[in-house]
Structure formats: structure tokens, C-alpha cells
Amino acid sequence: MKFSYLALMVTLGINSSLVFAQVEQPKEASSFTKAANEAVLKDLPFNDKQDFEDAKKGFVATLDPMTIKDEKGNVSWDLTTYGFIKGEPPATVNPSLWRIAQLNMNNGLFKVTDRIYQIRGFDLSDMTIVEGDTGLIIIDPLVTTEVAKAGLDLYYKNRPKKPVVAVIYTHSHADHYGGVKGVTTEDDVKSGKVKILAPVGFLADAVSENVLAGNAMSRRTLYQYGAMLPRSDRGQLDAGLGKTTSIGTFTLIPPTDIITRTGETRTVDGVQMEFQMAMDTEAPTEMLIWFPQFKALDTAEDATHTLHNLYTLRGAQVRDASNWWKVLNEAINTHGDEVEVVFAQHHWPMWGKDKIVDYLGSQRDMFKYIHDQSLNLANKGLTMTEIAEELQLPDSTGKRWANRGYYGSVNHNAKAIYQRYLGWYDSNPANLHPLPPVDVAKRYVDYMGGADAIITKAKQSMEQGDYRWVAEVMKHVVFADPKNQAARNLQADAFEQLGYQTEDPTWRNEYLMGAYELRNGVPDLPAISTASADMLNAMSPELMLDYMGVRLDGPKANGKSVRLNWKLPDGANYAIELRNSVIIYSANKTFDNADATITADKTSFSRLTMEGTALDKVIADDNVKVEGNKEKINELLGLLDTFPGMFNIITP
């Protein structure tokens with residue numbers, strides 16, 4: 001989860017009913033899909049109901065109805081749209097996925113242990129509330145202010161109303177800090193009334209992880225979370241870690257207290273905390289928290305009731321499975337003899353030392369197995385795809401509910417490990433310089449006797465339930481001729497059945513989104529803005545200039561030269577030069593012979609370089625000062641690309 005995705009969801013939330021009407025409706029589950037899903041019921045221990053008991057344990061109260069709106073009446077969160085998730089699993093949903101979708105319907109205020117409470121089912125993530133001597137410590141205040149405030153208000157209705165004295169961000173993903181201004185204010189933080197604790201590197205990682213590839217990531221996120229899909233047993237019904245994300249006001253207040261090392265401690269309002277660094281695990285910047293007074297361990301997002309991602313389908317840097325298992329092992333060795341309750345910032349807690357150590361140990365062993373065996377097979381010469389097909393978890397870890405692939409999967413995590421260590425190339429020269437997709441598709445179609453012949457054969461494969469092969473061969477027909485609706489519809493049918501069968505809700509969403517766009521086309525949505533006031537305030541000038549370089553149209557800039565000085569009100573200076581079709585910048589430097597000098601704060605500069613606002617308008621609106629040749633600034637701005645928000649994915 002990142003801020004670019006949240007900005008996207010706000011856009012979608014406003015217009016979804018107008019944009020996402022389905023021309024072609026989803027189809028029934030085929031006999032092959034029904035058989036595949038029925039086999040899951042026989043393979044996994046569905047008689048084990050412990051998670052359902054744990055997910056309800058400590059329930060205090062919730063909202064009725066579970067709908068949260070902003071001040072203007074716009075819906076920020078609505079669990080009532082998932083009311084269909086009850087009873088036995090339908091044929092169009094993998095029974096294991098149906099199970100986690102039911103568990104993620106639990107919502108409200110829950111008591112974890114004395115002085116620790118959680119708000120669950122108000123967002124993709126959980127908000128933890130720790131009661132201090134005189135105030136409250138909030139851990140991870142959800143995605144948006146609307147749901148964070150609603151969660152705190154629910155707590156206040158059922159517990160003594162103490163002021164918030166601290167907020168903790170466990171890691172640098174947006175679903176763990178975006179709602180901060182729903183539980184505190186910037187003024188209270190600046191005055192010292194409220195501390196904000198975070199791991200070292202939090203601010204840079206929180207802001208930067210998705211900026212440089214943010215547009216592509218935002219488009220791909222539509223697929224991972226199924227944003228266009230109806231909420232139904234033939235559409236979107238879960239996101240693995242929770243239902244989906246809230247829509248509303250996304251905020252950020254910078255930390256005031258930075259945790260830098262494992263073993264570092266803080267006592268806040270009488271609450272003792274010991275921190276364990278978990279860098280480059282589930283997030284680039286992450287930490288676990290031990291509460292010795294309560295014998296409670298907060299695993300942030302490093303141990304939840306799912307096999308997590310080593311690679312996210314929306315796209316991100318591959319995570320370090322080796323470091324991940326070591327973090328869990330360290331937590332067991334450090335606190336395993338004392339721990340009485342473990343909770344995370346997703347899903348539900350677990351109680352009892354033996355159960356907790358067993359649970360953490362199985363997650364540790366799972367990550368290590370996937371890591372080690374992926375490399376074992378790679379060292380035997382298997383390619384990334386071959387490894388993913390062959391690798392299976394042993395039953396001792398793989399059939400445990402907490403290790404099922406509801407967010408990550410063994411398949412795409414194995415590929416992630418291959419990518420991390422060996423990259424995209426498998427050393428087969430045939431794959432070193434392949435033809436681009438459209439060119440290769442046209443040749444394949446010609447070799448295979450033309451589109452009509454392929455469609456005829458693919459229909460036979462559909463009748464045999466060979467959906468993966470149909471998806472593969474129809475990919476070439478669609479790329480060879482994206483207007484061939486018969487080919488599009490056939491590939492959509494294959495995607496749909498694959499989606500109905502998969503256990504992983506993100507895979508389901510990917511397949512069903514592909515089917516949606518094949519049948520109905522790509523909606524014409526406005527460009528996605530990745531900037532908010534809080535984000536711009538947190539962004540470094542260097543990150544803004546890095547992104548400016550990414551937006552430069554290199555061929556168009558060929559032969560052009562511009563030299564600018566950027567002066568900020570705080571006294572910082574940057575020399576910015578367009579040369580050799582790249583933008584080079586240097587901090588604490590100015591050009592004596594600059595074409596122009598612009599004096600502007602980060603917000604005004606971002607209006608020019610990130611939002612595409614005209615220079616004259618920024619000068620007039622923001623009192624920006626320009627010395628020298630103003631047209632040279634416009635020349636550089638005119639070379640910056642505006643990325644299309646809804647580029648094609650399943651067609652060329």
C-alpha cells in the first residue's frame with residue numbers, strides 16, 4: 001500500500017458507479033472449476049475452527065450499520081457491501097478464500113489483553129490502542145482520517161476518554177500511517193503533546209517507494225485489488241490482509257522520535273516498549289514491538305495469518321526472505337519464553353505461549369523453506385517458471401491456515417527469490433533478445449494457422465478445462481489483433497475460471513480484472529495524482545528532482561541545454577542542468593551563468609514539475625520569484641511527460 005494507490009482509490013470512489021458498468025456479465029463456474037474447488041474442501045482442515053474463535057475473542061462493540069462517511073456524506077468505508085459473504089462457499093470462490101473472506105468480516109473494537117485494544121475491520125489494516133497511565137498510544141492509524149477517527153470514537157464510547165499521547169508507525173506502508181490526522185493534530189505534535197515514533201528511514205521510504213514508478217504501480221494496483229469489480233461471489237470479495245482499503249483523506253505527520261536499533265527502549269506514559277528492527281522484510285523500514293508489562297508482542301506485518309508477499313503483484317522491489325525468517329527467529333529467541341499474546345497490524349491475535357511460538361516458528365520455517373528451496377532448484381539449473389511450478393511447501397507448514405497464500409503465494413514468491421538473486425534472464429540465449437509482444441504474437445498466429453484456427457482449438461481446450469493454456473495462446477491472438485472480440489472473450493472466459501479457482505484473492509482480482517477489461521475495454525479515467533499536501537511536505541527536494549528526471553522525454557530533449565538555479569525559502573540551493581538528454585542536479589550549488597533562477601518552496605515547485613501547472617499561474621498564485629530567462633524554465637517543463645493513468649495491460 002502506498003500513497004499513489006490511495007490517491008487512485010479516492011478517484012475511483014468518486015466515479016466508480018459511472019465508470020465501471022459491466023457490459024458483459026461474469027459467467028458461472030464451469031464443471032472443472034467446481035471440481036477444483038470441491039477438491040480444496042477435501043484437502044484442507046476446514047473442521048479446524050480455532051481462527052473463528054480467536055477472531056471474535058475480546059469483542060467489545062462495533063458500528064451498526066458498518067458504514068463510515070466523511071463530513072460531506074461520502075462513503076469512506078462500507079462493510080455492508082460484503083453482506084453476501086456468509087454460509088457455504090459458492091462454486092465461483094475457492095473455499096479457502098471464502099474462509100478468510102468470512103474471517104475478515106469481523107469488525108469493531110476488540111480487547112487483546114489488559115490495556116491493549118484493537119480496531120479491526122475498519123480498513124485493510126488494524127489500529128492498535130494501548131492504554132497508558134494518563135493517555136493513549138495509537139499504533140498504525142489505518143489508511144484515512146475518516147476511519148481512524150471513527151475507530152477512536154468507537155473506543156471512546158466504550159472506554160475512558162483519555163487523550164492521545166503518542167502515535168507509532170510500525171512501518172513505511174501507507175495503510176499504517178495515512179489516517180494519523182484522524183487521531184491527532186499537527187499542532188499537538190509540534191507542541192510536544194503527542195510523540196510520533198517510527199523506525200529509522202521511515203519518512204524517506206514512506207514517501208519515495210512508489211514515486212519513481214508510481215504511475216505504473218497505480219495502474220497495476222487496479223488489478224491487484226480488483227477496484228473495478230463488483231463486490232460479489234463473482235467479483236471482488238477480499239484482499240487477503242483485509243477486505244480492501246478505505247477511501248477518504250490521506251495524511252502524514254513526520255515522526256518526532258526515531259528508533260534506530262534492535263533492543264532500543266522507550267517508556268511512554270508508563271508503557272514500556274522494546275523495539276526490534278525488521279528492515280527489508282515486509283517493508284523497507286519496519287519494526288516489531290515488545291511490551292514487557294503485558295507480555296505482548298506486536299509483529300507489525302511480519303507475522304500475519306497468511307503467507308505474505310515477497311513480491312507484490314502491483315510491482316515493488318523484491319523483499320528479503322532470508323532476513324524475514326531471521327527476524328522471526330530473533331523474536332522467538334528473545335521473547336518466546338515470556339510471550340502470552342501476539343498481535344499484528346492485520347488480522348487477529350493469538351494467545352498462549354506454546355501456540356504463539358509454534359505459530360511464529362511455522363511462519364519462520366515457511367519463509368526459509370521457500371527461500372532455500374528456490375535457490376536449491378536454481379542451483380540445479382531450473383528456471384524461474386520451472387521453480388515456481390515445482391516448489392511446494394511441506395504439509396507441516398503448507399496446510400496450516402496461517403500459512404495459506406492469501407496475499408503472497410508460493411508460486412510468485414519463488415519467482416521473487418529467483419529475481420532477487422539472478423534477475424530476469426535465465427541464461428537461455430533464446431530469451432536474451434526476444435521480439436516485442438505484438439511482433440511475436442503476429443508471428444505465432446501466422447505459424448499456428450491464423451486466428452480462426454487458434455480460436456477453434458482454444459475452444460476445445462476450454463471444454464477440457466485447460467484454462468491456463470487457453471489464456472496463453474489467446475494472449476497471442478489478442479496482441480496480434482486487439483479488435484478480435486471473439487479472442488478477447490475467450491481469453492476472458494479462461495481468466496474468469498482461473499480466478500474462480502485461485503485461493504489467493506490478489507490472483508483472483510488479477511484474473512477477474514483482466515477478464516473485465518477484455519470484455520468491456522479500459523475505462524477512460526482522469527490522470528492519477530500522487531501528490532497530497534502532507535506527501536509534498538515530506539518529500540525531499542532530491543526526490544522531486546529524481547522524479548523530474550524520470551518524466552523527461554529523453555529523445556525530445558536531445559540537443560537541448562538548460563541551466564537553472566532553484567532556491568528554497570530555507571536557504572537550500574540546487575543547480576539543475578539539462579544536458580545529454582538527462583537532468584543532473586547538485587545540492588548546495590548554484591550556477592553563475594544560469595539561464596534562470598527560480599525561488600520557490602517545495603509545494604510551488606511541485607506544482608510546476610509534478611502537477612503540470614503553468615509557470616505564470618504559479619508565479620501569480622504563489623508569489624514565486626523568477627530571475628533571468630523565464631522561457632528556459634518553460635522549455636524544460638515542456639519536455640516533461642504526462643503519464644497516461646490507464647495504459648493497456650492485457651492488450652497492446
Side-chain angles (χ1 to χ4, degrees), residues 36-59 82 85-90 93-107 110 112 118 120-121 124-126 237-243 282 297 299 301-310 324-325 328 332 339 341-370 391-413 501-508:
N37 286 341
E38 287 170 1
V40 173
L41 286 170
K42 299 175 182 178
D43 187 53
L44 295 176
F46 283 90
N47 58 339
D48 178 1
K49 303 293 185 182
Q50 185 62 50
D51 283 342
F52 287 90
E53 295 178 19
D54 288 345
K56 295 178 180 179
K57 184 175 179 178
F59 175 76
Y82 293 101
I85 302 176
K86 53 189 174 183
E88 296 301 311
V93 183
N94 182 295
S96 180
L97 170 54
W98 189 253
R99 179 185 179 278
I100 192 68
Q102 289 178 315
L103 285 162
N104 283 336
M105 286 298 290
N106 286 284
N107 60 86
F110 295 82
V112 176
Q118 282 192 315
R120 299 185 213 129
L124 185 76
S125 50
D126 297 341
L237 53 86
D238 208 73
L241 294 174
K243 306 314 293 180
E282 188 273 334
L297 176 65
T299 59
E301 204 168 320
D302 271 15
T304 55
H305 291 270
T306 179
L307 166 57
H308 215 295
N309 277 319
L310 297 177
W324 202 320
W325 81 257
L328 294 178
I332 294 169
V339 66
V341 59
V342 65
F343 60 94
Q345 298 309 125
H346 294 275
H347 295 144
W348 53 93
M350 184 175 288
W351 295 264
K353 180 178 69 174
D354 292 343
K355 286 177 58 178
I356 292 168
V357 171
D358 180 56
Y359 156 69
L360 294 177
S362 74
Q363 292 236 320
R364 171 199 62 195
D365 298 349
M366 169 182 64
F367 282 116
K368 193 171 196 306
Y369 187 91
I370 296 173
L391 189 63
Q392 298 287 335
L393 286 172
D395 286 354
S396 57
T397 52
K399 288 193 175 181
R400 296 180 62 132
W401 288 119
N403 296 341
R404 300 301 298 176
Y406 300 126
Y407 202 55
S409 73
V410 174
N411 188 288
H412 78 259
N413 280 349
Q501 291 180 27
T502 186
E503 179 180 37
D504 189 321
T506 64
W507 282 42
R508 177 187 173 91

For L307, which of V410, T397, D504 qualifies under side chain to side chain contact (heavy atoms under 4.5 Å, CB included)? V410

Tell me whether the centres of the aromatic rings in F46 and W401 are closer together than 6.0 Å. yes

Which label fits F110 and F59: parallel for a plane angle under 30°, tilted from 30 to 60°, or perpendicular past 60°? perpendicular

Taking C-beta and beyond as the side chain, do N104 and W348 meet within less than 4.5 Å on heavy atoms? yes

Checking H308 against D302: is there a side-chain donor and acceptor pair closer than 3.5 Å? no

Let me confirm one number: the CG-CD1 distance from L393 to I370, rounded to the nearest 0.5 Å. 4.5 Å

Y82 (side chain) donor-acceptor with A101 (main chain) under 3.5 angstrom: no

Indicate yes or no: at least one non-hydrogen side-chain atom of Q50 is less than 4.5 angstrom from one of K355. yes

Is it the case that the side chain of Y407 and the backbone of P505 share a donor-acceptor pair, with hydrogens and angles ignored and the cut-off at 3.5 Å? no

State the CD-CD distance between Q345 and E282, to the nearest 0.5 angstrom. 11.0 Å

Quick check: do L44 and E503 have side-chain heavy atoms less than 4.5 Å from each other? yes

Geometric cation-pi criterion K49 and F52, 6.0 Å radius, 45° cone: yes

Quick check against the 3.5 Å criterion: does D126 have a side-chain atom that pairs as donor or acceptor with the backbone of R120? no

CG (N94) and CD1 (I100) are apart, to the nearest 0.5 Å, by 12.0 Å

Quick check: do V93 and L237 have side-chain heavy atoms less than 4.5 Å from each other? yes

Show, in sequence, the C-alpha distance, side-chain angles and deciding distance for L97 and T502, and conclude whether the side chain to side chain contact (heavy atoms under 4.5 Å, CB included) test is met. CA-CA 8 Å; L97 170 54; T502 186; 5.6 Å; no

Roughly how far, to the nearest 0.5 Å, is CG of N309 from OG of S409? 8.0 Å

Side-chain donor or acceptor of Q363 paired with backbone N/O of H305 under 3.5 Å: no

Check whether any side-chain heavy atom of M105 lies under 4.5 Å from a side-chain heavy atom of K243, and answer yes or no. yes

Answer whether the closest heavy-atom distance between the side chains of D238 and Y406 falls below 4.5 Å. no

Does a side-chain heavy-atom distance below 4.5 Å link D51 with H347? no

Separation between NE2 of H412 and OG1 of T506, rounded to the nearest 0.5 Å: 5.5 Å

Rounded to the nearest 0.5 Å, what's the gap from CD1 on I332 to CZ on R364? Could you check? 4.0 Å

Look only at the side chain of E301 and the backbone of S125, and say whether a donor-acceptor pair between them is shorter than 3.5 Å. no

Give a yes or no answer on whether the side chain of W351 reaches the backbone of V112 with a donor-acceptor pair at less than 3.5 Å. yes

Do P89 and N37 have side chains that get closer than 4.5 Å, going by heavy atoms? no

Any Lys/Arg nitrogen of R400 or D365 sitting under 4.0 Å from an Asp/Glu carboxylate oxygen of the other? no

